[in-house]
Amino acid sequence: MKFGIVVNEGPYTHQASDSAYNFVKAALAKGHEVARVFFYHDGVNVGTRLSVPPQDDRQIQEQWSALAAEHGLDLVICIAAAQRRGLLDENEMQRQGKDAHNIAEGFRISGLGQLIEMGIQADRTITFGD
Amino acid sequence: MSEVIKKFLYVNRKAPYGTIYAQEALEVVLIGAAFDQDVSLAFLDDGVFQLTKGQDTKETGLKNFSPTFRALGDYEVTKLYVEQESLDERGLTLDDLQDIQYEDEDDDYAEKPSIIVVSRARMGEVMADQDVILSF
């Protein structure tokens, strides 16, 4: 089965990104395919590499980046949602004339079309959010 | 743009303001329209408030995006399912909602209502009939 995953809530405030992570990990372990993980609304905040959670807590961004590296996952952050919330890659930093960028390893910024495309290509699309 | 045509349902469950869900859901609908899929929208719970007429956000500084719903017909988004029970529970009737229409190209471009009021039970059937459900 090929899954498409949507993460709609921000890290730590909400358990959605944890549940999505656990689901993806379990699905891959069972031999399923994950076409893409699309981060939307506050979910885009999962992809900042500048978060510094306490050491005795889970490292949500690092968990995703490691999983992406291991399995070649496509982690997509919605550009419109990201720009509102201050998440920029190097390209967008230059285009918007900002002085920093903060996208973590394994994540990429792209458009909402990637969400629709995922829905078309995946056998099942699963939303994690409120 | 794509050879596969799937049934997409966008489920709107939240009030139009207070949180960004409704506004960003509408952005997905508008982008998604370019993919030539079979698109429907569902409005239930506080989501039914998204379609009310006379929205005025001036004093809040928030963007009033409600006129965009009337333009959905131009994007060939013509099925807006609204749950009757959700309206009832909030003291709303069809008269409280915007008059949203589309031009039916198969019927000499006659103007037809996009809003379809359905029971909670029927909404369940609408959902069961979809390929992809995105919930906001």
Side-chain angles (χ1 to χ4, degrees), chain A residues 1-11 13-17 19-20 23 32-47 76-87 108-130, chain B residues 1-47 49-50 60-63 65 68 72 75-77 126-136:
Chain A
M1 176 91 63
K2 192 194 281 188
F3 290 105
I5 307 294
V6 189
V7 178
N8 279 342
E9 297 293 339
T13 299
H14 202 289
Q15 202 180 336
S17 64
S19 300
F23 180 89
H32 296 294
E33 199 181 326
V34 174
R36 180 172 291 152
V37 183
F38 192 87
F39 295 87
Y40 198 44
H41 301 309
D42 277 357
V44 298
N45 291 305
V46 171
V76 176
I77 294 172
C78 169
I79 187 163
Q83 286 181 339
R84 283 196 177 104
R85 295 165 176 85
L87 275 96
R108 66 185 178 96
I109 285 187
S110 190
L112 278 167
Q114 301 274 305
L115 170 60
I116 309 299
E117 187 186 81
M118 180 181 85
I120 295 168
Q121 291 173 351
D123 300 312
R124 293 280 187 283
T125 299
I126 304 186
T127 302
F128 293 85
D130 255 346
Chain B
M1 203 179 239
S2 163
E3 286 172 22
V4 184
I5 295 185
K6 284 193 172 182
K7 289 184 167 185
F8 273 71
L9 179 70
Y10 300 95
V11 180
N12 299 282
R13 293 174 295 122
K14 306 239 172 45
Y17 312 104
T19 64
I20 202 170
Y21 299 102
Q23 187 183 339
E24 287 191 332
L26 197 51
E27 288 177 7
V28 179
V29 174
L30 295 176
I31 297 288
F35 284 76
D36 295 329
Q37 302 293 301
D38 181 356
V39 173
S40 304
L41 273 59
F43 296 86
L44 49 134
D45 302 341
D46 279 349
F49 284 116
Q50 293 181 29
T60 66
L62 299 173
K63 181 172 161 186
F65 56 88
T68 310
L72 286 179
Y75 292 83
E76 288 178 44
V77 176
V126 169
M127 288 183 175
D129 191 38
Q130 305 298 319
D131 297 311
V132 181
I133 296 181
L134 293 172
S135 186
F136 297 98

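Predicted model only: the values in this text are computed from it and were never measured. Chain identifiers are assigned alphabetically (A, B, ...) following the order of the sequence lines, protein sequences preceding nucleic acid strands; residue numbering begins at 1 within each chain.
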With only heavy atoms counted, which part of Q23(B) is less than 4.5 Å from chain A, the side chain, the backbone, both or neither? side chain

Check each atom of D42(A) against the heavy atoms of chain B and say whether the ones under 4.5 Å are side chain, backbone, both or neither. neither

Rounded to the nearest 0.5 Å, how far does CZ of F35(B) lie from CG of L115(A)? 9.0 Å

For side-chain contact (heavy atoms from CB on, under 4.5 Å), just list the numbers for I20(B) and R85(A), CA-CA rounded to whole Å, side-chain angles, deciding distance to a tenth of an Å, and then say yes or no. CA-CA 12 Å; I20(B) 202 170; R85(A) 295 165 176 85; 3.4 Å; yes

Is there a side-chain contact between T127(A) and F136(B), using heavy atoms and a 4.5 Å cut-off? no

Toward chain A: residues of residues 11-18 of chain B with heavy atoms under 4.5 Å: R13(B), K14(B)

To the nearest 0.5 Å, atom CG of L112(A) lies from atom CD of E24(B) at 8.0 Å

Output the option from T19(B), L30(B), I31(B), D131(B) having the highest count of non-hydrogen pairs under 4.5 Å with chain A. I31(B)

Do side-chain atoms of Y21(B) reach the backbone of D130(A) as a donor and acceptor pair under 3.5 angstrom? no

Tightest non-hydrogen contact, residues Y10(B) and I116(A), listed as OH-CD1, 3.3 Å

Using a cut-off of under 4.5 Å for heavy-atom pairs, which of E9(A), Q121(A), R124(A), E117(A) has the most such pairs with chain B? E9(A)

